[in-house]
Amino acid sequence: MQRYLLRKKEADVKRDLKNFPAVAILGPRQCGKSTMALELGKKIKNFLYLDMELLSDTRKLNDPELFFYSNKNKVICLDKVQIKPRIFSTLRGVIDKNRKNGKFILLGSASPEVIQKSSETLAGRISFIELTPFTINEIKNLKSFSLNSFWLKGGYPKSFLAKNNDISIRWRDNFIKTFVERDIPKLGINISSVKLWRFIKMCAHFHGQLINTQKIGESLGITYHTARNYIDIFEKGYVFRILQPLETNLKKRLIKSPKLYIRDSGVLHSLLEIDSFNNLLGYPFLGSSWEGFMIENILSELPEWKGYFYRTSSGSEINLILTKGGKKIAVEFKSSTAPVVSRGFYLALQDLKIEKAFIISPVVGTYQLKENIYVTNLEEFLEMMKKEK
């Protein structure tokens, strides 16, 4: 039996339980929300867990107000809370009558309905914490850890921890199928699963590129408005990451369209039918896969930093600009162990007056390429970013 792997967000949940009546842990299905909550429950006195997909548990909430008052001395965890969105109004009344912190843990896939209803109804009473699939700092100390395997399989626990690659592939294929055919309809979105399946497969081929809804729509025989709507669905389900361009006051012709990434590298590779690391190495867009893999880990590990990309019509370009306060750090991604950056990278550094830049590639160690420009790997980059104020 696989032992529990400590999640970094567990500390955030413990902190917020001391300061808020309710804590909502949101994230994609199968990323480990329930596992983390149940592990926390082992350390909480009078912990009560309800799964809203189980009829036996939902029956207990036929009269939610009565149930909550009957269990007022317990910490109640409601899993898959998006299935019972009306429960938030009841929670507000219960919380207001007994303003005690750490009473409710809510778990849910990040549907628009969950976020909207809970933020409106429980404003000031609830903390939101996003849980992602595994990030590198959560698994790098495993004896079996391999960066290449992590890149290929992605970070979903049941994919990454699968006994072999075949089981990992089967799990990811079923994950995508279930999300499209079951989870989206449960959000009240009535769109043909066949259309959504074709759409997500098409978007995998646009991974790391500027979003062109007109082109995507024409490829599938749908309008660009429909394509935009589909993108929103997958973004809010934590399947897509939409990276916005950096807005500046420079007198440059900036690219203003956002870029699209499949958030989990393993899901991306399944959609592209890449079933081995050798096949990945032979993939024409290997660099875009590496870029998305790095961006997802960085933005998940450094939530206090905002991420953008920078590109001008004249060719100046940087894959990722991290901003915090008035500080900007430039990050470029190269899948080669002997990375070479283009002239456009240096032009972009001049445009933005960047003081420090990094090139992240699968190298061992860190070395200086030019003044204030470093070549490094993901682990050492994250360690260096901890020192940035």
Side-chain angles (χ1 to χ4, degrees), residues 202-219 224 227-228 231-232 234-235 239-263 265 268 272 283-302 305-336 339-361 369-376 378 381 385 388:
M202 173 65 69
C203 285
H205 292 277
F206 284 88
H207 175 84
Q209 298 182 36
L210 297 175
I211 294 177
N212 187 331
T213 50
Q214 187 77 39
K215 189 174 180 179
I216 294 172
E218 288 174 357
S219 300
Y224 73 90
R228 180 69 252 184
I231 287 171
D232 288 343
F234 284 104
E235 180 187 15
V239 176
F240 290 175
R241 180 180 289 279
I242 307 303
L243 192 66
Q244 298 293 337
L246 181 71
E247 295 183 5
T248 72
N249 295 322
L250 299 175
K251 294 180 180 179
K252 301 277 184 178
R253 292 186 61 189
L254 300 176
I255 300 298
K256 296 184 178 180
S257 296
K259 292 171 76 173
L260 183 149
Y261 295 91
I262 307 294
R263 289 187 63 157
S265 59
L268 170 68
L272 295 173
Y283 181 63
F285 301 104
L286 173 70
S288 63
S289 172
W290 175 258
E291 180 181 322
F293 176 51
M294 293 292 104
I295 286 174
E296 190 58 31
N297 269 272
I298 289 169
L299 295 182
S300 296
E301 286 278 356
L302 305 174
W305 291 80
K306 301 294 183 183
Y308 306 90
F309 75 94
Y310 177 79
R311 184 186 293 183
T312 69
S313 58
S314 60
S316 300
E317 181 177 5
I318 294 175
N319 295 149
L320 182 66
I321 302 290
L322 293 171
T323 69
K324 185 171 70 170
K327 194 162 194 173
K328 295 187 185 75
I329 290 177
V331 192
E332 190 77 0
F333 307 103
K334 297 295 177 183
S335 57
S336 169
V340 177
V341 291
S342 67
R343 180 171 176 268
F345 172 74
Y346 294 108
L347 290 173
L349 295 181
Q350 293 175 14
D351 291 346
L352 299 172
K353 296 180 172 59
I354 298 288
E355 295 182 2
K356 188 178 289 187
F358 297 89
I359 301 159
I360 301 182
S361 68
L369 185 67
K370 290 190 174 183
E371 186 178 2
N372 294 325
I373 301 176
Y374 303 89
V375 176
T376 187
L378 177 60
F381 170 76
M385 286 299 292
E388 293 290 337

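From a predicted model like this one, the values you see are computed outputs, not experimental measurements. Worth knowing before you read on, the calculation uses all heavy atoms, side chains too, and leaves out hydrogens, waters and symmetry mates.
- Comment: Glu388 does not engage Lys324 in a salt bridge, judged by the lack of any side-chain N to carboxylate O separation of less than 4.0 angstrom.
- Contact annotation: the side chain of Leu352 approaches that of Leu246 to within less than 4.5 Å [non-hydrogen atoms, C-beta and beyond].
- The shortest side-chain heavy-atom distance between Met294 and Phe381 does not fall under the 4.5 Å cut-off.
- With sequence neighbours excluded, the residues satisfying side chain to side chain contact (heavy atoms under 4.5 Å, CB included) with Val239 are Phe179, Ile200, Phe234.
- Residues Ile262 and Phe240 are in side-chain contact: their nearest non-hydrogen atoms beyond the backbone lie under 4.5 Å apart.
- One distance of note links CD1 of Ile318 with CZ of Phe345; it measures 5.5 Å at 0.5 Å rounding.
- With a 4.5 Å cut-off on side-chain heavy atoms, Leu272 and Phe285 do not count as touching.
- Contact check for Arg311 versus Lys259: side-chain heavy atoms found under the 4.5 Å cut-off.
- Under a cutoff of 6.0 Å and an axis angle of 45°, Lys215 and Phe206 do not form a cation-pi pair.
- In this structure the side chain of Ser361 reaches within 4.5 angstrom of the side chain of Val375, judged on heavy atoms.
- Residues Met385 and Leu322 form a side-chain contact, since some pair of their non-hydrogen atoms from C-beta on lies under 4.5 Å apart.
- If you take CG on Leu378 and CZ on Phe358, they are separated by 12.5 Å, rounding to the nearest 0.5 Å.
- Heavy-atom neighbours of Glu355 CD from other residues, nucleotides or ligands within 6.0 Å: at or below the threshold of 12.
- Nearest heavy-atom pair, Pro258 versus Pro245, reported as atom, atom and distance to 0.1 Å: CA-CD, 4.0 Å.
- Counting non-hydrogen atoms of other residues, nucleotides and ligands closer than 6.0 Å to OH of Tyr283 gives a total above 12.
- Residues satisfying the side-chain hydrogen bond (donor to acceptor under 3.5 Å, both in side chains) criterion with Asn372, sequence neighbours excluded, are absent altogether.
- With sequence neighbours excluded, no residue forms a side-chain hydrogen bond (donor to acceptor under 3.5 Å, both in side chains) with Glu332.
- When the shell of 6.0 Å around NZ of Lys334 is examined, it contains more than 12 heavy atoms from other residues, nucleotides or ligands.
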Verify side chain to side chain donor-acceptor pair (under 3.5 Å) between Glu291 and Tyr261, making sure each step is shown before the conclusion. CA-CA 9 Å; Glu291 180 181 322; Tyr261 295 91; 2.4 Å; yes
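- Note: Ser336 OG to Ile359 CD1 = 11.0 Å, rounded to the nearest 0.5 Å.
- Using a 4.5 Å heavy-atom cutoff, the side chains of Ile321 and Ile329 are not in contact.
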